[in-house]
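Worksheet for the structure shown next.
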Number of protein chains: 2
Amino acid sequence: MSESFELHPDLARDGIEVMDLRLSRLLLMNDAAWPWLVLVPQRPNKKDFHDLDPMDQYRVCDEITICSQALSRLFSPDKVNVAALGNMTPQLHIHVIARFSDDPAWPGPVWGKQAMQPYPAHQLEERVKALHQELKHPL
Amino acid sequence: MSESFELHPDLARDGIEVMDLRLSRLLLMNDAAWPWLVLVPQRPNKKDFHDLDPMDQYRVCDEITICSQALSRLFSPDKVNVAALGNMTPQLHIHVIARFSDDPAWPGPVWGKQAMQPYPAHQLEERVKALHQELKHPL
């Protein structure tokens with residue numbers, strides 16, 4: 001097992017790196033169907049949420065909150081879904097997803113609902129820029 | 001909006017009360033397909049995880065950890081899924097679910113996969129008792 005953090009290839013493939021927060025690498029999932037963030041705590045060899053030590057768990061809470069608040073300010077969602085699943089990708093990562101009552105999976109969960117719909121390049125750039133703007137002094 | 005905590009009727013219908021932890025009411029979902037716990041922070045009028053104040057978020061982390069560890073000791077799952085979704089039931093609740101690579105929804109999420117399969121009475125009683133035993137001095 002590696003002693004240093006490396007982003008899992010599944011997450012590197014599906015996510016766009018937005019920035020590093022104090023603990024987590026923040027990704028935007030490249031799926032235009034939902035404003036969908038993923039927090040990846042930069043600790044090696046963590047699979048489940050309870051594998052993190054308590055201080056790291058609390059830090060993840062703070063990062064979930066700033067991401068949720070940023071999504072709320074930017075998109076005014078009906079609900080924010082937060083989840084650590086990872087049945088397919090065995091590196092701890094936490095989804096923070098803006099949900100809308102007219103989105104394609106509502107009220108069900110987003111996973112497995114439909115194929116990812118990559119952003120058009122200009123929209124991806126705008127979205128990452130908007131997230132940077134919201135999160136540049138997050139903590 | 002109510003000023004005191006009351007369990008949402010959906011959760012009262014689908015869950016069996018196991019015990020009150022320091023912050024959350026702990027429910028066992030009455031679905032024999034998965035060892036499936038739900039934590040309901042006993043605060044009124046909370047919908048999203050980030051609606052909790054930071055100290056309550058940290059407390060929820062501690063409670064997720066003790067529930068995950070109890071599930072791990074009792075059932076040796078392949079993965080523990082943790083999620084705050086709540087698109088259907090607008091009271092903040094956190095799922096903590098033991099997952100197995102041969103369970104009916106693996107590797108997908110459990111929600112919406114199949115109708116709930118209520119426990120036979122004797123099995124329900126045994127499971128609640130086992131959880132009590134694991135959690136009686138949790139913190």
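Convention: sequence-line order gives letters A, B, ...; per-chain numbering from 1. Model, not experiment: these values are computed from the prediction.
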Can you tell which part of Leu85(B) gets under 4.5 Å to a heavy atom of chain A, answering side chain, backbone, both or neither? both
Tyr119(B) and Met19(B): same hydrophobic cluster, using ILVMFWY side-chain contacts below 4.5 Å? yes
Hey, any chance Leu21(B) and Met55(B) share a hydrophobic cluster, counting ILVMFWY side chains that come within less than 4.5 Å of each other, even indirectly? no
CZ-SG distance between Arg59(B) and Cys61(A), expressed to the nearest 0.5 angstrom: 12.0 Å
Between His50(B), Arg99(B), His95(B), which residue shows the highest count of heavy-atom pairs closer than 4.5 Å to chain A? His50(B)
Got a donor-acceptor contact below 3.5 angstrom from the Lys79(A) side chain to the Lys47(B) backbone? yes
Common cluster, Met116(A)/Leu11(A), ILVMFWY with side-chain heavy-atom separation under 4.5 Å: yes
What's the separation between atom CH2 in Trp106(A) and atom CG in Asn87(B), rounded to the nearest 0.5 Å? 4.0 Å
Pick one of side chain, backbone, both or neither for Tyr58(A), based on which atoms fall under 4.5 Å of a heavy atom in chain B. both
Just wondering, do Phe49(A) and Val80(B) contact through their side chains at under 4.5 Å, heavy atoms? no
With chain B, which of Pro107(A), Pro109(A), Pro54(A), Ala83(A) has the greatest number of heavy-atom pairs at distances under 4.5 Å? Pro107(A)
Which one wins on heavy-atom pair count under 4.5 Å against chain A: Val60(B), Ile64(B), Val82(B)? Val82(B)
Might you confirm whether atom CD of Glu125(A) has over 12 heavy atoms from other residues, nucleotides or ligands at distances under 6.0 Å? no
What part of Ser72(A) gets within 4.5 angstrom of chain B, counting heavy atoms only: side chain, backbone, both, or neither? side chain
With chain B as the partner, which of Pro90(A), Gly86(A), Gly112(A) has the greatest number of non-hydrogen pairs under 4.5 Å? Gly86(A)
Please classify the contact between Asp51(A) and chain B as side chain, backbone, both or neither, with a heavy-atom cut-off of under 4.5 Å. neither
Connected via hydrophobic side-chain network under 4.5 Å: Met88(B) and Val38(B): no
What is the minimum heavy-atom distance between Gln57(A) and Asp62(B), and which atoms define it? OE1-N, 4.4 Å
